[in-house]
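So you know, we letter chains A, B, ... as the sequences are listed, proteins then strands, and number each from 1.
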Amino acid sequence: MTAGGGPVLDRARALGLDRLVAAEPGLLIAAAGRARAAASAIRLDEARPGEPWPPMRVAPPAGPRR
Amino acid sequence: MNGPRPLWSLGIAALGAGYADGSLDPVQVLESCLGRIAALDPTLNVFVHLDVEGAGNAAMAARESLARHRRHGTMPSPLLGVPVGIKDIVEVAGLPMTCGSRVLAGNVPDRDAAVVETLREVGAVILGKVATHEFANGLPSLDLPDPPARNPWNPGHHPGGSSSGCGAGVAAGFFALGIGSDTGGSVRHPASACGVVGLKASYGAISRRGVFPLAPTLDHVGLITRDAADAALALGALARPDPREPSSIRPPWTPADLGAAAEATGLRGLRVGFVRHFHEVDMPADPAVAAGLERAAALLAGAGAEVADCALAPATEYFGVNRVILHAEAWAIHARWLRDRPERYGLTQREALVVGAFLDAGDLVRAQMRRAELVAQMTETFSRFDILLCASSMDPAGRFDDPAGTARTYGRQARTPFNVTGHPAIALMSGLAGNGLPVAIQLAAAAFAEPLLLRVARAYEALRGPAPQPPLPYPAP
């Protein structure tokens with residue numbers, strides 16, 4: 001069930017964007033489309049969920065080890 | 001042009017030489033720049049806040065400092081007495097900073113950004129704040145109080161962005177150094193569009209403390225100058241580790257390394273990777289852009305470099321990663337204002353900044369995972385090549401009366417890959433397109449290989465010959 005305008009505007013309301021929902025609902029629907037297009041453009045070569053990630057290193061402390 | 005060059009036209013190195021031998025005076029240089037600004041800025045809209053009094057005080061102080069250096073036989077900073085324009089997302093204490101937006105109307109910072117602290121410390125002459133696209137993002141806006149900056153080569157065309165005032169101001173002779181920012185190419189774009197030099201150093205080389213963020217894991221402070229030697233001097237003065245900025249690092253080179261490197265022009269044995277697919281396959285470029293790249297490759301090869309084709313990931317892969325990360329990070333910054341006062345943004349940024357609201361956590365994680373792969377690929381590429389040669393913009397700057405064309409040309413570029421990976425890159429003028437506007441090449445190097453990057457950039461400029469200057473079809477002082 002949506003409050004009006006579909007899931008995009010529901011999400012916008014949930015995020016507190018009521019003023020934009022009221023004034024420019026079309027802008028929000030277009031933005032959601034751009035977000036989906038941007039996200040779907042990401043292609044992963046090798047890294048996969050479940051493999052070691054993110055590539056973070058913790059530097060050893062400076063000076064001699066105890 | 002015959003006779004002595006006008007003072008406003010002098011770059012950082014020329015000013016330093018004149019100050020050192022006493023033939024130039026910072027106050028006279030400032031007066032020349034102010035005359036140029038008075039004559040041309042009503043057309044070009046570079047300055048959003050011109051600080052004549054503050055600049056005058058700084059020029060007087062520079063004059064006195066130079067006298068002290070001469071008395072004591074000491075060497076001044078290369079930026080002493082150099083006129084500088086500051087993008088209006090960089091805090092300068094006491095000067096208004098709106099980031100080109102009604103959202104921050106009335107904002108006057110009470111502190112200097114780290115880069116401004118350094119500029120003051122070395123005696124640069126800060127002329128004021130210059131135009132930016134709203135919050136350093138996207139396209140020029142026409143529905144904001146400040147009009148967009150215009151291109152000195154033809155005011156009917158945009159000057160690139162988002163550091164639009166920096167590019168137009170250096171090209172027009174308003175100041176010798178522009179301090180901008182570069183998140184997806186925002187310094188190298190105006191440099192390319194205006195026929196000057198844009199340098200984005202390695203991520204973390206110049207502190208971003210006090211620079212309003214667009215996307216913090218992509219943001220760099222960038223420099224716009226008249227040539228690569230000036231870029232080396234400016235970078236040497238401004239790259240300092242900053243314990244109060246989490247990404248800041250101590251570069252593995254000194255200002256002397258950058259300066260010395262810029263003097264050497266031998267390229268024998270240099271391995272240059274020519275990334276053709278960006279401008280031949282991914283986004284076929286204007287013929288003048290492609291011809292400029294071919295000329296550059298031939299010039300570098302003629303000077304002894306080994307030029308070979310090099311393949312990276314398609315440009316669209318970098319754009320995809322950049323877009324998701326930028327939208328997500330920018331949303332995190334702007335969400336409260338988009339909730340409370342969305343009407344204060346121009347339409348362009350209302351449309352752009354709200355996109356991040358519709359990304360989810362998984363989108364951002366996948367973008368960061370792909371980014372790690374692209375960084376690894378770029379790092380491996382620099383084990384096979386010392387320098388990459390590729391396009392900057394695929395087109396000369398578009399016209400203001402053709403917003404669709406401008407939007408199209410803004411996206412057709414190969415600068416963003418080096419924001420995604422953090423590697424240093426520089427844009428250099430290669431010639432003029434059929435419409436008389438500048439076109440450019442781009443060089444990139446391994447992380448923190450700025451001495452090499454600037455040496456090759458300087459060599460390219462020497463091989464290319466003097467860059468043409470804007471025709472300026474309006475009254476000059």
Side-chain angles (χ1 to χ4, degrees), chain A, chain B residues 138 217 249 313-328 330-332 334-377 379-380 411 420:
Chain A
M1 178 71 76
T2 68
V8 168
L9 299 187
D10 283 350
R11 178 166 176 167
R13 288 188 193 93
L15 289 167
L17 295 169
D18 303 79
R19 296 180 64 163
L20 277 173
V21 170
E24 296 181 295
L27 179 149
L28 292 169
I29 290 165
R34 291 171 68 190
R36 299 290 14 112
S40 65
I42 305 296
R43 183 181 64 81
L44 293 172
D45 272 350
E46 297 167 0
R48 292 288 180 270
E51 295 175 0
W53 193 88
M56 185 177 78
R57 291 193 184 93
V58 178
R65 292 184 178 181
R66 289 173 180 266
Chain B
T217 73
I249 54 88
T316 50
E317 295 251 356
Y318 295 97
F319 296 156
V321 168
N322 181 274
R323 237 183 335 258
V324 170
I325 294 171
L326 190 154
H327 283 313
W331 164 250
H334 288 272
R336 58 183 168 140
W337 293 331
L338 287 166
R339 292 183 183 112
D340 298 345
R341 57 187 96 160
E343 72 285 352
R344 303 292 289 170
Y345 292 91
L347 175 61
T348 299
Q349 288 314 310
R350 281 203 307 284
E351 291 175 336
L353 292 170
V354 81
V355 171
F358 299 100
L359 294 166
D360 63 33
D363 297 329
L364 180 58
V365 169
R366 285 171 55 82
Q368 292 288 14
M369 292 171 79
R370 182 59 182 148
R371 182 184 201 177
E373 293 176 347
L374 293 172
V375 170
Q377 182 195 63
T379 301
E380 187 279 330
V420 170

*Spacing of CG belonging to B/L338 relative to CZ belonging to A/R19, to within rounding of 0.5 Å*: 11.0 Å
*asked:* Once rounded to the nearest 0.5 Å, what's the spacing between atom CD of B/Q377 and atom CD of B/E380?
replied: 8.0 Å
*Are B/R366 and B/R370 close enough that some pair of their side-chain heavy atoms sits under 4.5 Å apart?*
no
_Contact leader toward chain B among A/D18, A/V8, A/L17, where contacts are heavy-atom pairs under 4.5 Å_ = A/L17
*What part of B/R350 lies closer than 4.5 angstrom to a heavy atom of chain A: side chain, backbone, both or neither?*
both
_Part of residues 342-349 of chain B lying next to chain A, heavy-atom separation under 4.5 Å_ = B/P342, B/E343, B/L347
Only distances under 3.5 Å count here; give the side-chain donor-acceptor pairs of residues 31-38 of chain A to other protein atoms, sequence neighbours excluded, each with its distance to 0.1 Å.
unit_1	atom_1	unit_2	atom_2	d
A/R34	NH1	B/E351	O	3.3
A/R36	NH1	B/F358	O	3.0
A/R36	NH2	B/D363	OD1	3.3
A/R36	NH2	B/D363	OD2	3.2

_Can you confirm whether B/L364 sits close enough to B/L359 that some side-chain heavy atom of one is under 4.5 Å from a side-chain heavy atom of the other?_
no
*For residues B/R371 and B/T217, determine if any side-chain heavy atom of one lies less than 4.5 Å from a side-chain heavy atom of the other.*
yes
*Could you tell me which non-hydrogen atom of B/G320 sits nearest to which non-hydrogen atom of A/A41, and how far apart they are?*
CA-CB, 4.4 Å
